[in-house]
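Since the structure comes first, as structure tokens, the remarks are kept for the end.
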Protein chains: 2
Amino acid sequence: MRWLSEEEQRSWRAYLRATRQLDAALDRDLQCSGVSLSEYELLSMLSEAEGGRLRMSALADLIVQSRSRVTHTAARLERRGWVRRTPAPDDGRGVVLELTPEGRAAVESFATVHVESVRRHLVDVLSGEQLAGLGAALQAVSRAYEADPDTPDPTECPTMEA
Amino acid sequence: MRWLSEEEQRSWRAYLRATRQLDAALDRDLQCSGVSLSEYELLSMLSEAEGGRLRMSALADLIVQSRSRVTHTAARLERRGWVRRTPAPDDGRGVVLELTPEGRAAVESFATVHVESVRRHLVDVLSGEQLAGLGAALQAVSRAYEADPDTPDPTECPTMEA
DNA sequence: CCACGATAGTTTATCCTTCAACTATGCGCC
DNA sequence: GGCGCATAGTTGAAGGATAAACTATCGTGG
């Protein structure tokens, strides 16, 4: 089996450590606003969409969460009056989630705090080049992930009792 | 307020998307082994430590998790017989967590699968330079995080009702 | 030597996520 | 046109994470 080289190992460790720290920091900074990062992501995607409306599954794909999780999160946000569930006009199964005016006001207020946080913990910490490089590399990672037939064999687990 | 430039925005989005995807992929690949990524990280750190032993808090810092979370995770792993809790010799409050032989065997078996997964989703997707660049950037992010007095004022929330 | 605050870890309740099962609609097809 | 399978989304139960309160030990200063 191919192990990782010293340098690969270092990079991989840095990835794990930094992403954990960054996610924690961003979450913590948003907590004052009373939303988690993943709730914020949902609201944020909605706010950028045409008319503040998106199909549940489009949303799920955008924020890389399971359908189920989006359903639950949306329910929570709906209870707070930030979001509304309406049937999809063209597909009887579909649901489009819509940002309410209160929801829009909320996201906009969070955005200030959040962007500040992203700057402080990520953007302003790196040079322009470094940040761009990071972005490019991570886009490549995304592309690979999306190209992949994912788990090579779907529900199968390679049965690794050696 | 300083918003993000087009390019900063792109990088930031790439970060969010790729890290979500990558974490999901790594977790899913490990799932066949019956451990989550965070459980694996814990075991893995133990396995690399002197004598397979670490203080709870050292462990928590290494894997960037709350003390509480480490306690819970360790309890779960202890139930499976992979880990053992022993009192710290030098500090009456302390607990050192120790990898059992079964635990070591387990981690080693997981490692194969896991490294393969890291390669497939991250390492082999990038050029050597790109990976090294990514690592360097993320190390900078870590350093910034660690240098920071973190939340500028501890329990205070900036009271953002404008 | 003891009172104080800090540190180490655990606990409990609550919330969030996950997973599997389920409903319902759409789509292709013979 | 109805059978079968895929897709869209929801539900409920079970397990993991978070936060706050709690116990116990340590270290320092008076």
Side-chain angles (χ1 to χ4, degrees), chain A residues 20 23-32 34-43 53-80 83-98 151 154-155 157, chain B residues 20 23-32 34-43 53-80 83-98 150-151 154-157:
Chain A
R20 296 280 129 82
D23 280 14
L26 296 171
D27 232 326
R28 183 160 34 56
D29 289 349
L30 266 176
Q31 210 162 352
C32 298
V35 283
S36 66
L37 181 53
S38 60
E39 289 168 336
Y40 176 79
E41 283 180 77
L42 190 158
L43 291 170
R53 307 159 56 75
L54 277 176
R55 281 288 289 268
M56 294 296 276
S57 36
L59 199 45
D61 292 347
L62 278 171
I63 62 183
V64 194
Q65 293 186 6
S66 71
R67 310 290 164 96
S68 170
R69 184 170 173 185
V70 172
T71 295
H72 286 301
T73 305
R76 239 176 299 139
L77 296 176
E78 194 171 26
R79 258 178 260 127
R80 300 212 225 172
V83 114
R84 186 169 30 228
R85 213 179 284 268
T86 72
D90 53 325
D91 184 340
R93 301 163 297 178
V95 168
V96 338
L97 202 65
E98 183 183 17
T151 22
T155 44
C157 281
Chain B
R20 296 280 129 82
D23 279 15
L26 295 172
D27 232 326
R28 182 159 34 56
D29 289 349
L30 266 177
Q31 209 162 355
C32 298
V35 283
S36 65
L37 181 54
S38 60
E39 288 168 335
Y40 176 78
E41 283 180 78
L42 191 158
L43 291 171
R53 308 159 55 75
L54 277 175
R55 284 287 292 267
M56 294 295 276
S57 36
L59 200 45
D61 291 348
L62 277 172
I63 61 183
V64 194
Q65 293 186 5
S66 71
R67 309 290 165 99
S68 170
R69 186 172 172 183
V70 172
T71 295
H72 286 302
T73 305
R76 236 177 301 140
L77 296 175
E78 195 172 25
R79 257 178 261 127
R80 301 211 225 171
V83 115
R84 186 168 32 228
R85 213 178 285 267
T86 72
D90 54 324
D91 184 341
R93 301 163 296 178
V95 169
V96 339
L97 203 64
E98 182 183 17
D150 251 341
T151 24
T155 44
E156 276 309 298
C157 281

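Chain A is the first sequence line, chain B the second, and so forth, proteins listed ahead of strands; every chain is numbered from 1. In this text, all values refer to a predicted model and were calculated from it rather than measured experimentally.
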Which of D:dA17, C:dA8, D:dT10 is nearest the side chain of B:Ser57? It is C:dA8
Salt bridge or not for B:Arg20 and A:Asp23, using N-O below 4.0 Å? yes
Identify whether any heavy atom of A:Thr71 sits under 4.0 Å from a base atom; if not, whether one sits that close to sugar-phosphate; answer base, sugar-phosphate or nothing. base
Rounded to the nearest angstrom, tell me the gap between atom CG in B:Asp27 and atom P in D:dG15. 17 Å
Between B:Glu78 and B:Arg85, does at least one N-O distance fall below 4.0 Å, as a salt bridge requires? yes
Distance below 4.0 Å between B:Gln31 side-chain N/O and C:dC19 OP1 or OP2: yes
Closest-nucleotide ordering on DNA chain C, the 5'-leading residue of A:Glu39 and A:Arg93: A:Glu39
Does A:Arg67 make a side-chain N or O approach to OP1 or OP2 of D:dT11 shorter than 4.0 Å? no
Result for 5'-nearest mapping on DNA chain D, choosing between B:His72 and A:Arg55, is A:Arg55
Between the CD atom in A:Gln65 and the OG atom in A:Ser38, the distance rounded to the nearest 0.5 Å is 5.0 Å
According to a strict under-4.0 Å criterion, is A:Arg76 in side-chain N/O contact with OP1 or OP2 of C:dC15? no
Without decimals, in angstroms, what is the distance between A:Asp23 CG and C:dC16 P? 17 Å
Rounded to whole Å, CG of B:Leu30 lies from C1' of C:dT18 at a distance of 16 Å
Result for 5'-nearest mapping on DNA chain C, choosing between A:Gln65 and B:Arg85, is B:Arg85
Atom CG of A:Leu42 to atom P of C:dT17: distance rounded to whole Å? 11 Å
Under 4.0 Å, heavy atoms only, any strand: does B:Ser38 hit a base, just the sugar-phosphate, or nothing? sugar-phosphate
How would you label the contact of A:Ser68 with the nucleic acid (heavy atoms, under 4.0 Å): base, sugar-phosphate, or nothing? base
May I have the distance from A:Leu97 (atom CG) to D:dG9 (atom C1'), rounded to whole angstrom? 12 Å
Side-chain N or O of A:Arg69 closer than 4.0 Å to phosphate OP1/OP2 of C:dT18: yes
Round to the nearest Å and state the distance from B:Arg79 atom CZ to D:dA14 atom P. 16 Å
Result of checking B:Arg80, B:Arg79, B:Arg69 against B:Glu39 for salt bridge (charged side-chain N to carboxylate O under 4.0 Å, His left out): B:Arg80
Could you tell me the separation between the NE2 atom of B:His72 and the CG atom of B:Leu77, rounded to the nearest 0.5 Å? 13.0 Å
Atom-pair distance (CG on A:Leu54; C1' on D:dG9), nearest Å: 15 Å
Measure CG/A:Leu77 against C1'/C:dC15 and give the value in whole Å, please. 14 Å
